[in-house]
K.L.:
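Handing you a structure now.
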Amino acid sequence: MEENQEQTVKGEELKKETAEAVNQVKDTIKNVDIKNDAKEATGFVKSMFKDPFATIKSIAADNTNKTLKMAIIFIAIWMIAEFLDVIIPVITSRYWTGSLAVERIFRIIKYTIAPVISVLVLSGIVYFMNKENKKSMLTTITSIVVAKIPVILASVVSLITLISSNASPVTSRFFSFCSVVSIILVYFSAKALCGEEQNSKFIKKFVVMYAIYYVVSLVAYYLGLYI
């Protein structure tokens, strides 16, 4: 009985936090100034590459979500890159009629929203497995987005292949490299969020986190969603 009551309380708290997170994201999006925030985002990326681990640690420790706007901008860039990557070949294709058109529209939608779903799934896993040092949902999401910046950069660079397919060997390897870097950054983000200092204690938990993520991504793959 007590366990059921505790689960109910936790469920209500999660609903409340989710609603607050959604409202804060909406308010942040309304206040985005593309020109000024783009400059700030560029400066943020530069500072991150200078000292990525200190940046990640500071974001994980911040409960004011002051980096949320940056996270939204990076997610938007990622979505635009994925959208362009799938829409341009579709536009230039001669086959755009009937059922094939509907199929391609769904393909465009799935590719465009894939970055958001990927971040939400990974953030959700980290959030729910972080029982000892619980951080807010938005802090967790922001930290994961920042850790994904190398992948976002690689997605933008990969658009070069739309101009020349000869660039594919270079962009594919660059993407693989950035993916590895991103996993390392996600590791340190999750470690900072969980408040764990020792790698020997945290690495097992991180392996479980990523194992769950890959299982979810495999299910998503069979549903036609690539995250």
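As a basis for the values below, the full set of heavy atoms in this structure was taken, side chains included, without hydrogen atoms, waters or symmetry mates.
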K.L.:
Rounded to the nearest 0.5 Å, how far does CD1 of I144 lie from CG of L193?
P.N.:
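Here the interatomic distance stands at 6.5 Å.
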
K.L.:
Check the surroundings of atom NZ in K205: do more than 12 heavy atoms from other residues, nucleotides or ligands lie under 6.0 Å from it?
P.N.:
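It does: K205 NZ has more than 12 such atoms within range.
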
K.L.:
For residues P115 and I75, report the shortest heavy-atom separation together with the two atoms involved.
P.N.:
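Closest heavy-atom pair between P115 and I75: O-CD1, 4.3 Å.
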
K.L.:
What residue among F175, F74, F174 forms side-chain contact (heavy atoms from CB on, under 4.5 Å) with L153?
P.N.:
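That would be F174; it is the only one of F175, F74, F174 passing the side-chain contact (heavy atoms from CB on, under 4.5 Å) with L153.
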
K.L.:
As an exercise, state the distance from OG of S143 to CG of L185, rounded to the nearest 0.5 Å.
P.N.:
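Here the rounded value is 11.5 Å.
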
K.L.:
Distance check, rounded to the nearest 0.5 Å: T142 atom OG1 versus M137 atom CE?
P.N.:
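Result: 12.0 Å between the selected atoms.
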
K.L.:
Kindly indicate whether the side chain of N130, heavy atoms from C-beta on, has any atom under 4.5 Å from the side chain of K135.
P.N.:
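Yes, at least one pair of side-chain atoms sits under 4.5 Å.
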
K.L.:
Side chains of K204 and V207: closer than 4.5 Å at any heavy-atom pair?
P.N.:
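Not in contact.
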
K.L.:
Restricting to pairs with a member in residues 151-171, which pass side chain to side chain donor-acceptor pair (under 3.5 Å), not counting sequence neighbours?
P.N.:
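Pairs touching residues 151-171 that pass the test: W78-S155, E82-S155.
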
K.L.:
Same cluster or not: L120 versus V215, using hydrophobic residues (I, L, V, M, F, W, Y) connected whenever any side-chain heavy atoms lie under 4.5 Å apart?
P.N.:
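L120 does not cluster with V215.
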
K.L.:
Taking all non-hydrogen atoms of both residues into account, name the closest pair between L159 and A81 and its distance.
P.N.:
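Smallest interatomic distance, heavy atoms only, reads CD2-O, 3.4 Å.
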
K.L.:
If two hydrophobic side chains count as joined below 4.5 Å and joins carry through other members, does Y214 share a cluster with V151?
P.N.:
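They do share one cluster, since a chain of ILVMFWY contacts under 4.5 Å joins Y214 to V151.
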
K.L.:
Using the rule that Ile, Leu, Val, Met, Phe, Trp and Tyr join whenever any side-chain heavy atoms are under 4.5 Å apart, tell me whether V126 and F128 fall into a single cluster.
P.N.:
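Yes, because V126 and F128 connect within a single hydrophobic cluster, where side-chain heavy atoms sit under 4.5 Å apart.
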
K.L.:
Can you name the ring pair (Phe, Tyr, Trp, His ring centres under 6.0 Å) partners of F206, sequence neighbours left out?
P.N.:
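Scan of F206 (ring pair (Phe, Tyr, Trp, His ring centres under 6.0 Å), adjacent residues dropped) gives Y187, Y210.
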
K.L.:
I need the minimum non-hydrogen distance between T139 and A60, along with the two atoms involved.
P.N.:
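Here T139 and A60 meet closest at CG2-O, 3.7 Å.
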
K.L.:
Between Y226 and Y111 (judged by ring centroids, cut-off 6.0 Å), do the two rings come close enough to count as a pair?
P.N.:
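Ring centres of Y111 and Y226 closer than 6.0 Å.
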
K.L.:
With sequence neighbours left out, what residues match F177 under ring pair (Phe, Tyr, Trp, His ring centres under 6.0 Å)?
P.N.:
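In terms of ring pair (Phe, Tyr, Trp, His ring centres under 6.0 Å), with neighbours along the sequence ignored, F177 is linked to no residue.
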
K.L.:
Is Y213 atom OH crowded by more than 12 heavy atoms from other residues, nucleotides or ligands, each under 6.0 Å away?
P.N.:
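Buried by this count: over 12 neighbours within 6.0 Å.
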
K.L.:
Quick one: SG on C194 to NZ on K201, what's the gap to the nearest 0.5 Å?
P.N.:
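The SG atom of C194 sits 13.5 Å away from the NZ atom of K201.
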
K.L.:
Decide whether V180 and F49 are clustered together by the hydrophobic rule: side chain heavy atoms of Ile, Leu, Val, Met, Phe, Trp, Tyr closer than 4.5 Å, transitively.
P.N.:
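Same hydrophobic cluster.
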
K.L.:
Mind checking what makes salt bridge (Lys or Arg N to Asp or Glu O under 4.0 Å) contact with K69, not counting sequence neighbours?
P.N.:
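Here the qualifying residues are D37.
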
K.L.:
How many angstroms lie between atom CG of L122 and atom CD1 of I183, to the nearest 0.5 angstrom?
P.N.:
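Interatomic distance, L122 CG to I183 CD1, rounded to 0.5 Å: 9.5 Å.
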
K.L.:
Side chains of K57 and P52: closer than 4.5 Å at any heavy-atom pair?
P.N.:
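The answer is no; the side chains never approach within 4.5 Å.
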
K.L.:
Dump the intermediate steps for side-chain contact (heavy atoms from CB on, under 4.5 Å) on I227 and L225, then the final yes or no.
P.N.:
CA-CA 6 Å; I227 62 173; L225 191 63; 4.0 Å; yes

K.L.:
Taking the side chain as everything from C-beta on, heavy atoms only, tell me whether I117 gets closer than 4.5 Å to V119.
P.N.:
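Of all side-chain heavy-atom pairs linking V119 with I117, none is under 4.5 Å.
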
K.L.:
Has N199 got a side-chain atom pairing as donor or acceptor with I203's backbone, closer than 3.5 angstrom?
P.N.:
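Such a contact is absent between N199 side chain and I203 backbone.
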
K.L.:
Give me each pair satisfying salt bridge (charged side-chain N to carboxylate O under 4.0 Å, His left out) with a member in residues 182-200, each pair once, sequence neighbours excluded.
P.N.:
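Pairs touching residues 182-200 that pass the test: none.
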
K.L.:
For the residue pair M48 and T55, what are the closest heavy atoms and their distance?
P.N.:
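What the structure gives for the nearest pair is CA-OG1, 3.7 Å.
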
K.L.:
Tell me the closest heavy-atom pair linking M70 and F44, and the distance in Å.
P.N.:
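Looking at all heavy atoms of both residues, the shortest contact is SD-CB, 4.2 Å.
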
K.L.:
Checking the side chain of S182 only, and the main-chain atoms of S179 only, is there a donor and an acceptor separated by less than 3.5 Å?
P.N.:
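No, the answer is negative, given that no donor and acceptor are paired below the 3.5 Å cut-off.
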
K.L.:
Quick one: name the residues clustered hydrophobically with V219, using the 4.5 Å side-chain heavy-atom rule over I, L, V, M, F, W, Y, and just say none if it's on its own.
P.N.:
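Members besides V219, by chain and number: L223.
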
K.L.:
When rounded to the nearest 0.5 angstrom, what distance separates CD1 in I105 from CD1 in I87?
P.N.:
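Going from CD1 on I105 over to CD1 on I87, the span is 8.5 Å.
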
K.L.:
If you define the side chain from C-beta out and look only at heavy atoms, does anything of K110 sit under 4.5 Å from V86?
P.N.:
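Of all side-chain heavy-atom pairs linking V86 with K110, none is under 4.5 Å.
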
